[in-house]
Amino acid sequence: MTQTDILVIGSGIGGLVAAGLLARRGRRVVVCESHGIAGGAAHAFSRQGFHFDSGPSFFCGLGDRASLNPLQQVLTELGEGVATIPYDPFGHYHFPDATLPVYSQGDRYRAALAEITPHGAQEFEQFERRLLRLYEALRGIPVMDLRSDLSVIPVLLRRYPWELLKLLPELGLVQHSVAAVMDQTVRDPWVRRLIDVECFLLSGLKAAGTIAPEVAFMLGERARSGVDYPVGGSGAIIQALVRGLERWGGKLRLNAHVNRILVEQGRAIGVELKTGEVMPATTVISNASLWDTYTHLLDPSDLPASDRQRALQTPTIDSFMHLHLGIRSQGLEHLTGHHVVVHSAELDITVPGNTCMISIPSVWDAALAPPEHHVVHAYTLEPHTGWQRDQSYAAKKRDRAAPLFRALERVIPDLRDRIVLELIGTPLTHAHYLRRHRGTYGAAIAAGQGMFPNCQTPIAHLYRVGDSTLPGIGVPAVAASGILCANTLIGKDRG
Ligand SMILES: Cc1cc2nc3c(=O)[nH]c(=O)nc-3n(C[C@H](O)[C@H](O)[C@H](O)COP(=O)(O)OP(=O)(O)OC[C@H]3O[C@@H](n4cnc5c(N)ncnc54)[C@H](O)[C@@H]3O)c2cc1C
């Protein structure tokens with residue numbers, strides 16, 4: 001058996017980023033992915049000539065090599081990249097009373113907002129200005145230089161003394177919620193709901209639960225680098241990461257489900273696959289979720305009960321209902337690609353089915369659908385509890401998908417007459433294809449209520465990456481988690 005330096009469980013973006021960077025630094029890296037397709041929540045799949053994103057379709061700065069998006073920086077480091085199509089407005093938010101086109105550029109965004117609420121637009125400018133100050137202070141410290149242990153401090157002091165000084169007056173806001181800034185600057189209820197929606201789209205939590213730097217980066221980066229879509233869809237990003245891994249000698253094994261992490265005397269020594277194959281490794285990185293790692297991959301005896309209990313008590317965001325459709329596109333020449341529909345002003349935006357996200361990426365990249373057709377992906381939060389594959393499953397599936405159809409009809413009124421392919425996914429589908437505990441979107445750790453665990457674990461030589469290790473579920477955050485983990489390991493090797 002050849003010894004692997006680093007064995008990564010899972011080929012989500014967090015896993016592929018850590019694997020690619022470690023391979024780039026000369027480590028012998030193998031990624032074991034349970035499924036036949038790489039990418040986890042960002043994998044792409046095809047049916048009858050329609051090429052679907054299973055999850056993310058909203059990206060920022062992938063076509064700009066100067067972008068601060070950690071994913072873009074990793075692709076550059078690996079000698080890779082993706083072709084992109086920029087677009088603006090990047091979305092339309094459909095509230096019960098009005099539709100707002102949402103632009104990357106702050107002045108265009110505010111001008112559109114002023115048509116609905118002139119005073120609210122002025123307040124939004126104050127809100128934005130405060131967060132952009134934080135963004136300006138944070139952006140001087142590149143994520144590619146960060147790591148998850150205390151040795152980051154002397155590195156930063158040496159390399160970025162001026163940037164740290166600039167950050168000092170902003171430090172108070174770094175751990176604060178977006179609501180802290182909103183409460184100081186915005187009274188207009190329309191704009192407060194808008195900010196809640198923006199936060200919810202980003203972190204799965206409203207302004208009170210979302211940390212300020214996350215929204216500061218979103219506002220700063222989308223104005224600076226713009227919003228763009230990768231040609232070929234989210235699968236093109238995964239292919240670029242896999243090419244980057246392999247270019248530097250790393251290996252990806254598909255259909256390689258890991259049954260357990262092997263731990264000896266408090267130290268990870270490799271993994272055992274479902275097939276029984278044992279793969280020894282010096283270091284193991286789990287890209288499986290926090291809950292899957294501690295429930296399925298580790299034995300309770302591998303770590304102190306209190307550590308395991310604390311990890312498993314981490315609250316989760318719900319799962320999803322999904323609709324993947326192929327539709328006829330005749331007469332939809334002016335259709336735009338991203339929409340968010342809030343059905344009821346009486347219900348909270350987080351109530352399952354009330355806020356629906358829609359992505360129609362073939363408006364940017366026509367090759368994703370057969371000629372004269374579009375690919376459509378719509379999704380909304382849905383709890384996993386109560387779902388089972390029994391006699392009621394098919395009826396419940398149709399019932400819980402109804403808000404998604406209604407949301408789509410707000411954008412394409414004759415949607416139902418256009419459908420040529422219809423796939424409905426439930427939390428069970430999501431949990432199965434993404435191998436995620438109860439199909440969760442991620443950890444629901446609200447700002448000010450606990451810290452996200454970082455890439456370290458109580459077990460020596462076992463690390464974790466992915467959306468349960470850093471705030472801000474989403475591609476930039478998980479890419480950052482992979483960078484932090486890789487840098488921590490590289491730093492450790494150097495002593
Ligand atoms: C519907 C939806 C829409 C989204 N939209 C956006 C968006 O527009 N923009 C954005 O930035 N973000 C978006 N996100 C969030 C983003 O996609 C995720 O945060 C990110 O892709 C998660 O990456 P990850 O590295 O944490 O791991 P995951 O993607 O969860 O990958 C983990 C991998 O580990 C594998 N695995 C698990 N257990 C095992 C095992 N035992 N053995 C082997 N392999 C295993 C899984 O199969 C999976 O491939 C969206 C997410 C969803 C679900």
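This is a predicted model, so every value here is computed, not measured. Ligands are counted one by one from 1 in listed order, and the atoms in each one are counted from 1 as well. Along the sequence shown, residues are numbered consecutively beginning with 1.
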Determine which pairs satisfy ring pair (Phe, Tyr, Trp, His ring centres under 6.0 Å) with at least one residue from residues 267-286, sequence neighbours left out, and list them in order.
none
For ligand 1, would you mind listing the residues that have at least one heavy atom less than 4.0 Å away, ordered by chain and number?
Ile9, Gly10, Ser11, Gly12, Ile13, Gly14, Cys32, Glu33, Ser34, His35, Gly39, Gly40, Ala41, Gly55, Pro56, Ser57, Phe58, Ala256, His257, Val258, Asn287, Ala288, Leu297, Phe320, His322, Tyr379, His430, Leu434, Arg435, Arg436, Tyr441, Gly466, Asp467, Ile473, Gly474, Val475, Pro476, Val478
Under 30°, 30 to 60°, or over 60°: which ring-plane class applies to Trp364 and Tyr229, parallel, tilted or perpendicular?
tilted
Any side-chain donor near an acceptor of the partner, His322 and Thr429, under 3.5 Å:
no
Quick test of your reading: applying salt bridge (charged side-chain N to carboxylate O under 4.0 Å, His left out), list the pairs with at least one residue in residues 453-473, sequence neighbours left out, ordered by first then second residue.
Arg436-Asp467
Measure the acute angle between the ring planes of His324 and Phe45, then classify it against the limits of 30° and 60° as parallel, tilted or perpendicular.
perpendicular
Please name all residues satisfying ring pair (Phe, Tyr, Trp, His ring centres under 6.0 Å) with His373, sequence neighbours left out, ordered by chain then number.
Phe50
